[in-house]
Amino acid sequence: MLSLSAALMVLVVAVITAQYCKLQWSRRRYPSGPTPLPIIGNLWTIRFNLHQETLMELAETYGNMFTLWMGQTPVIVLNGCHAVRDALISHSEELYDRPRSPLLEAFLKGKGIFTTPEHTWKPLKRLGLTILRSLGLGKRGLQERVQEEVHWLIEALAVSKGKAMDPCIAITNSVTNVIALVIFGHRYSSNDKEFLQLTKINTFLVGFLFSMRARLYNAFPWVMHHLPGPHQDFLNYYTFLNNFVNKEIQIHKENLVHEEPQDFIDYYLIHMSTVSDDANSTYDEANMNHAVIEIFIGATVPVSSTLRTALLHMAVQPAIQEKVQKELDTVLGESHLIHYEDRDRLPYTNAVVHEVLRYGNGGILFRQAMKQTSLKGFTFEKGTYISCNLYSLLNDPDYWETPDQFNPGHFLDTDGKFVRNEAFMPFAAGPRGCIGEQLAMTEIFIFFTSLLRTFNFRLPEGAKNVYIERGTLLPQPYEICAVPR
């Protein structure tokens with residue numbers, strides 16, 4: 001007779017063996033990939049961290065389309081320009097849905113634009129773009145708001161008088177105030193405690209979404225939900241953001257003048273009132289709240305981080321900085337107020353901005369098949385998860401001469417004219433592409449050029465072996481000297 005412990009051991013071995021056999025049978029329907037283990041799949045293979053460079057290493061063995069198992073769930077991973085563009089552009093209508101991440105679902109409550117079903121996110125995104133255009137997106141009106149914040153940022157950096165300082169807070173505050181002007185109609189003082197808390201929360205939330213803890217939560221939400229850790233802070237911050245935005249909405253409702261909308265919330269409230277009789281309308285206050293939160297976060301952290309990385313590149317490579325400044329001085333002079341349209345007259349500067357985005361960008365996008373879809377000879381059922389490695393696209397050696405180096409020449413032809421590259425998609429593409437791409441590019445260009453026309457950026461004396469991290473939205477803290485020109 002087997003003892004109870006031996007019987008349990010036999011049962012456990014039998015269950016694990018059955019799971020293993022089931023996985024091996026299921027694998028036959030998908031592209032090849034590393035062998036998954038029962039329960040955890042390939043999480044051990046990737047060290048519980050879906051890192052871009054790890055995916056590129058796996059692509060060398062299994063090709064530009066392979067399968068990873070996140071626990072018991074298969075994820076089709078796409079690498080390289082051809083595979084990623086094929087999914088995001090050629091098959092955009094089949095692959096525009098986003099998986100329902102347990103962490104984001106717990107945070108967003110099924111509202112807003114980012115993870116909601118088609119009948120919710122499509123009209124919300126369409127309205128969001130319409131409102132942004134009404135507020136001056138692509139026109140001089142919105143650029144004036146950016147230029148106002150450039151003025152405040154230059155003053156904040158000038159206080160250091162060329163001595164070493166961390167530019168993070170000053171840059172983050174200015175960039176955050178741009179979107180605050182757009183959404184709320186007013187800017188915040190750099191001494192406002194609630195505003196400072198908001199900027200810290202934004203940075204934490206974006207950083208946590210790409211952390212190992214976040215992936216563990218998504219893989220085992222029923223376990224992580226009951227364990228202490230930073231994921232609990234992530235969820236608790238929802239209350240702060242929700243209350244912050246709700247307070248602004250209530251103030252706008254009390255002071256709304258239908259004939260004179262001033263900002264995003266005004267326009268949304270007016271539109272919401274025009275469809276109040278439609279029982280199927282998704283333009284409600286809860287969706288507005290979460291759409292505002294998503295746009296607010298999405299328009300601050302990526303832009304401020306890109307600017308911080310850009311300044312560090314200039315300090316590390318003074319020859320490139322000098323060449324940008326020479327072009328700015330020659331073409332624009334000192335008194336010209338910089339506009340986004342000036343990029344057409346500044347090919348080298350424009351190339352540097354694009355190279356900053358290429359070199360330091362590259363997240364991992366997740367999509368979900370809306371219906372049966374065929375990719376590279378495989379047919380995937382509705383609901384299949386697809387992962388697009390943007391980092392591999394921005395570093396594809398078939399499209400970039402020196403992908404591992406910071407090289408503005410990637411965007412210049414032999415005559416020094418700016419040229420586009422089809423592998424440049426830092427904001428993704430297709431129906432689910434970034435709603436704030438044009439605003440982000442406008443901000444980055446105007447901030448960057450205005451700062452370089454005002455300061456020489458240098459590393460502090462004695463700084464050595466400065467490493468610029470790649471493929472991350474959040475660069476490591478650093479100090480820099482902003483020396484007035």
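This is a predicted model, so every value here is computed, not measured.
- Of the possible donor and acceptor atoms, none in the side chain of Glu149 sits under 3.5 Å from a partner among the backbone N and O of Asn177.
- Proximity of the aromatic rings of Phe244 and Phe184 is defined here by a centroid distance below 6.0 angstrom, and this criterion is met.
- Under the 6.0 Å cut-off for aromatic ring centres, His410 and Phe424 do not qualify, their centroids lying 6.0 Å or more apart.
- Using a cutoff of 4.0 Å between basic side-chain nitrogens and carboxylate oxygens, Glu355 and Arg358 are scored as salt-bridged.
- Expressed to the nearest 0.5 Å, how far CG of Leu78 lies from NE2 of His91 amounts to 10.5 Å.
- Centroid-to-centroid, the aromatic rings of His313 and Tyr359 come within less than 6.0 Å.
- With hydrogens and angles ignored, the 3.5 Å screen pairs a side-chain donor or acceptor of Glu294 with a backbone N or O of Ile113.
- With hydrogens and angles ignored, the 3.5 Å screen pairs a side-chain donor or acceptor of Arg432 with a backbone N or O of Phe114.
- In terms of modelled atom types and a separation under 3.5 Å, the side chain of Asp86 and the main chain of Ser90 share no donor-acceptor contact.
- Put simply, the side chain of Ser392 never gets that close to the backbone of Leu390: no donor and acceptor are under 3.5 Å apart.
- At least one cation-pi condition fails for Lys326 and Tyr348: the charged atom is not both under 6.0 angstrom from the six-membered ring centre and inside a 45 degree cone around its axis.
- Between the Asn389 side chain and the Val77 main chain, no donor and acceptor come within less than 3.5 Å of each other.
- In this structure, CG on Asn287 lies 5.5 Å from OH on Tyr268, to the nearest 0.5 angstrom.
- Checked against Glu248 for a side chain to side chain contact (heavy atoms under 4.5 Å, CB included), the options Ile183, Ile265, Asp263 give a single hit: Ile265.
- Within the model, atoms CG of Leu311 and CG of Leu157 stand 8.0 Å from one another, a figure rounded to the nearest 0.5 Å.
- A side-chain donor-acceptor contact under 3.5 Å links Glu327 to the backbone of Thr349.
- Aromatic ring orientation, Phe204 versus Phe208: parallel (interplanar angle below 30°, classes split at 30° and 60°).
- You'll find the side chain of Leu95 reaches within 4.5 Å of the side chain of Leu375, heavy atoms only.
- Remark: Arg343 qualifies as a cation-pi partner of Tyr340 under the 6.0 Å distance and 45° angle criteria applied to the six-membered ring.
- One distance of note links CD1 of Ile154 with CZ of Arg453; it measures 8.0 Å at 0.5 Å rounding.
- Side-chain atoms of Ser305 do not come within 3.5 Å of backbone N or O of Pro302 as any donor-acceptor pair.
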